[in-house]
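To start, the structure under review is shown below, and the notes come after it.
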Protein chains: 2
Amino acid sequence: MKLHQLRYLHEVVKQGLNITSAADALYTSQPGVSKQIQLIEEELGLQIFKRNGKRLTGLTVPGQQIVMLADKVMRDIENIKRVGEEFSDVETGTLTIATTHTQARYKLPAAVKAFMTNYPRVKLNIHQGNPSQVAEQVESGEADIGIATESISERESLLCLPCYHWNRCVVVPHEHPLLQGGPLTLEKLVNYPLITYDFAFTGGTLVSKTFSDAGLTPNVVLTAIDADVIKTYVTLGLGVGLLANMAYDADRDTHLAKIDVDHLFADSTTYLGVRKDAFLRGYMYGFIELIAPHFNRAAVNQALKIAD
Amino acid sequence: MKLHQLRYLHEVVKQGLNITSAADALYTSQPGVSKQIQLIEEELGLQIFKRNGKRLTGLTVPGQQIVMLADKVMRDIENIKRVGEEFSDVETGTLTIATTHTQARYKLPAAVKAFMTNYPRVKLNIHQGNPSQVAEQVESGEADIGIATESISERESLLCLPCYHWNRCVVVPHEHPLLQGGPLTLEKLVNYPLITYDFAFTGGTLVSKTFSDAGLTPNVVLTAIDADVIKTYVTLGLGVGLLANMAYDADRDTHLAKIDVDHLFADSTTYLGVRKDAFLRGYMYGFIELIAPHFNRAAVNQALKIAD
DNA sequence: CAACGTTACGCTCTTCGTAAAGATG
DNA sequence: CATCTTTACGAAGAGCGTAACGTTG
C-alpha cells in the first residue's frame with residue numbers, strides 16, 4: 001500500500017467519484033489514478049467503489065470505512081509535515097482562517113494586523129463563508145482555524161474555544177417610527193420588514209428561536225451574508241436591519257440610527273474552532289492568543305488534551 | 001514521504017535506536033533503512049534522531065512527535081488492511097489474545113473451544129504475561145484483545161469492558177492449622193508464609209492494599225505468575241497459597257484444602273481491553289461475546305463510540 | 001458522440017542489495 | 001577490534017505520461 005494511493009482515493013471521492021477531475025486536481029494523468037485505484041482494490045481484495053460497467057457510481061460499505069481511514073492517515077501525514085516545518089523554520093508557513101463576514105470585517109482586523117507584525121513571514125489566508133461552511137472547512141483541513149458563532153461548536157471533531165460575547169442591534173434610517181415610542185419590543189419589530197443575515201433563520205439559531213418562542217413571525221424581506229450589504233439596503237429604506245452590534249460604526253454609518261436590542265435577544269458567543277487531531281504551528285497558537293487572550297498556548301493544549 | 005519510511009522509523013525506535021536490528025526485523029538491508037531515515041529527515045528538514053557522530057543516541061523533540069504520528073499512521077494502515085480482510089474473507093484471519101495465566105488456564109478454555117468451532121479458519125494465538133505486559137501488548141497492537149484484572153483498565157488508549165467478578169481463596173495442605181479455629185482473618189493469615197501471584201504486590205493492587213489498610217504486613221515467601229506453580233509449592237508445605245477462586249479445582253486438587261476468603265478481600269473485576277482506535281474483525285466481536293455475553297457487537301460499538 | 005474509464009507501452013526515477021569504507025567505544 | 005553507520009554502484013521494479021481502445025448515457 002502506498003500513500004499515493006490513499007491520496008488518490010481521497011481525491012476521487014472528493015471530486016464526486018470522478019477520476020478525471022481527481023487526476024486534474026492532483027496534477028497527474030488520469031490513467032495513473034485509475035491504475036492506482038485498481039491496485040489498492042486488488043491488494044485489499046475487494047471493491048472500494050461500486051461500478052456500473054466502467055463508471056463509478058458509489059462507495060461500497062468497506063469502501064466507506066477505507067476512505068474514512070485514508071482521510072485519517074492523510075491528516076496525520078499532514079501533521080508530520082507540519083512538525084517538520086515548525087521545527088525547521090518556526091516563523092514561516094501558512095495560516096488559513098475561515099470565518100464569517102462580520103468577524104472578518106469588524107473583529108479580526110486588529111488581530112490580523114498584530115499577527116502580521118509578529119509573524120511577517122507567515123502567509124495569511126482568510127476564507128469567508130457562512131457558519132456551516134466555516135465549520136466544514138476546518139473539519140476538512142482546508143482551514144486551520146475557524147471563527148464563527150453558529151454551528152461550529154456542534155462539530156464533534158473540532159475543539160471550540162469561546163472567544164467573546166456579543167449582541168445584536170437594530171439599524172434604521174433616521175426618523176424611522178421605531179426611534180420613537182419608548183423601548184423596542186419584539187412585537188413592534190415584527191411590524192416592519194426585516195433585513196438580516198441569511199443564516200440567522202436556518203436551523204433553530206438564537207434569533208429565529210427568540211421570535212418563535214414569543215409566538216411571533218418576523219417578516220424577513222431580504223437576507224445577506226454581509227453586514228455592509230444589509231446596511232446598504234436599510235439605507236435605501238427597504239426595511240429594518242438586524243445585525244451584530246459591532247457591525248454598526250457610529251462614525252461611518254451616519255445615515256443610520258442604531259437601536260440597542262440587548263434586552264430582546266440573549267448574548268451570543270463567538271467560538272474559535274480547530275481540529276482536535278491537528279498539529280498546531282507555533283504561530284497558530286500566537287493567533288489564537290491574539291483573538292482570545294485568555295487562551296495562551298498552555299491553555300489551548302490543556303483544552304486539546306481534555307477534549308481528546 | 002513514503003509509508004516505508006514511517007515503518008522504518010517506527011522499527012528503529014522500537015529496536016532501541018539500532019538501525020541494524022531494525023533492518024533485521026524488517027527483513028531488509030541495513031543500508032536501505034539508513035538511507036530512508038536520511039531521506040525523511042532531509043524531506044522534513046530536521047533531525048529526527050540525536051546522533052553522536054554516526055551512532056543514534058536519542059530522539060530530538062520534533063522526532064518524538066513525528067514518531068508518535070508515524071505510529072498512528074501505521075495503526076490506521078493496519079486498520080485499512082483489516083477492513084480489506086474482513087470483507088474479502090470474513091471468516092479467515094488471526095486473533096491474538098493477551099492474558100494472564102489464570103485466565104488462560106481457567107476461564108478461557110470454554111470460550112476458546114467455542115470460538116474455534118464457530119470460526120475454524122481463524123488462527124488463534126494466546127500470549128501470556130503479567131497484567132501490565134497484557135496491557136502493553138494490546139496498546140502496541142501485538143495483541144488484538146487483552147484480558148486481565150489489574151492495570152488494563154488504567155490505559156487511556158484502551159477501551160475496557162467488564163467481563164466478570166471473582167474473588168480469591170486460600171489453599172493449604174490438609175490438616176493445616178488454618179483449617180481449624182473458626183473463620184479466617186487477615187491477622188491469622190499473616191502468621192504464615194504466603195505464596196501468591198508475583199504481581200499481587202506491585203503497585204497498590206487490591207490484595208496489597210487490603211493488607212496495608214489493616215496495618216498488616218504479610219510474609220510473602222514466594223511469588224509466581226502461575227496458579228499451578230503456586231499450588232505445587234503449597235503442596236510441598238512451603239506456605240499458604242492465595243489465588244483466584246477459579247484456580248482451585250476440587251476434583252483435581254485433592255491434596256489441597258480450600259478456604260474461602262470472600263469476607264477478607266473485595267471482589268475483583270476482570271476486564272477485556274481493546275484499542276479504541278482499532279478496527280475489529282467480525283470474529284473479534286464474536287470472541288468478545290463468548291467471554292462476556294452481555295457485550296454483543298452493538299454494545300461494543302456503542303462503548304467504542306462513547307469512549308471516542 | 002461526448003465524457004469517462006481501462007489497457008498498452010516506453011521512459012524515468014526510486015529502491016534494494018552487495019560490497020566497501022568510515023566511526024565509535 | 002567488534003559493532004554500527006554511511007557511501008557507492010549496479011540491477012530490479014514501480015510510477016508516470018502518451019496514445020489507443022472500450023463503455024456509458
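The figures that follow rest on heavy atoms only: side chains count, while hydrogens, waters and symmetry mates do not. Quick note on labels: first sequence line is chain A, next is B, and so on, each numbered from 1. The structure displayed is predicted, hence computed values, not measured ones.
With sequence neighbours left out, the side-chain hydrogen bond (donor to acceptor under 3.5 Å, both in side chains) criterion links B:Gln64 to no other residue.
A:Asn301 and A:Tyr285 share a side-chain donor-acceptor pair at under 3.5 Å. Checked by atom type, the side-chain pair B:Thr60/B:Gln47 shows no donor-acceptor distance below 3.5 Å.
Note: CD (B:Gln30) to P (D:dA8) measures 15 Å, nearest angstrom. Atoms CD1 (B:Ile19) and C1' (C:dA23) sit 13 Å apart, rounded to a whole Å. Rounded to an integer number of Å, the gap from B:Asn18 CG to C:dT24 P is 16 Å. The NZ-C1' distance, from A:Lys50 to D:dT24, rounds to 18 Å in whole Å. Between the CD atom of B:Glu43 and the P atom of C:dT15 there is a distance of 10 Å, rounded to whole Å. Nucleotide C:dT15 holds its C1' atom 15 Å from the CD1 atom of B:Ile40, rounded to whole Å.
Side-chain atoms of B:Lys276 come within 3.5 Å of backbone atoms of B:Glu156 as a donor-acceptor pair (strictly under, hydrogens ignored). Not one N or O on the side chain of A:Thr100 forms a donor-acceptor pair closer than 3.5 Å with the backbone of A:Ala148.
Electrostatic pairing of A:Glu41 and A:Arg51 counts as a salt bridge here, judged by a charged N lying under 4.0 Å from a carboxylate O. Residues A:Arg75 and B:Asp76 are not paired through a salt bridge, judged by the lack of any N-O separation under 4.0 Å between the basic side chain and the carboxylate.
Residue A:Ile37 is classed as having no contact, given no heavy-atom separation below 4.0 Å to the nucleic acid. Among the protein residues, B:Leu26 comes within range of no part of the nucleic acid, since none of its heavy atoms lies under 4.0 Å from any strand.
Distances shown here put a side-chain N or O of B:Gln38 below 4.0 Å from the OP1 or OP2 atom of D:dT7. Contact check, A:Ser34 against C:dG5: no side-chain N or O comes under 4.0 Å of OP1 or OP2. Put simply, B:Asn52 has no side-chain N or O that comes within less than 4.0 Å of OP1 or OP2 on C:dT24. One finds a side-chain N or O of B:Thr20 lying less than 4.0 angstrom from the OP1 or OP2 phosphate oxygen of D:dT5.
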Identify each atom pair where a protein N or O and an N or O of nucleotides 12-16 of chain D are less than 3.5 Å apart, giving names and distance.
from, atom 1, to, atom 2, distance (Å)
D:dG15, OP1, A:Lys2, NZ, 3.4
D:dC16, OP1, A:Tyr8, OH, 2.9

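The side-chain hydrogen bond (donor to acceptor under 3.5 Å, both in side chains) test with A:His127 is passed by exactly one of A:Gln137, A:Gln133, A:Glu142: A:Gln137.
Between the base of C:dA23 and the side chain of B:Arg51 there is no donor-acceptor pair shorter than 3.5 Å. For D:dT5, its base never sits under 3.5 Å from the side chain of B:Arg55 at any donor and acceptor pair.
Taking the screw axis at each terminus of the helix from C:dC1-D:dG25 to C:dG25-D:dC1 from five consecutive base pairs, the angle between the two is 40° to within rounding of 10 degrees.
With C:dA19, D:dT23, D:dT5 as the choices, the nucleotide that has an atom nearest any side-chain atom of B:Pro31 turns out to be C:dA19.
The 12-atom threshold is exceeded at CZ of A:Arg105, counting heavy atoms of other residues, nucleotides or ligands nearer than 6.0 Å.
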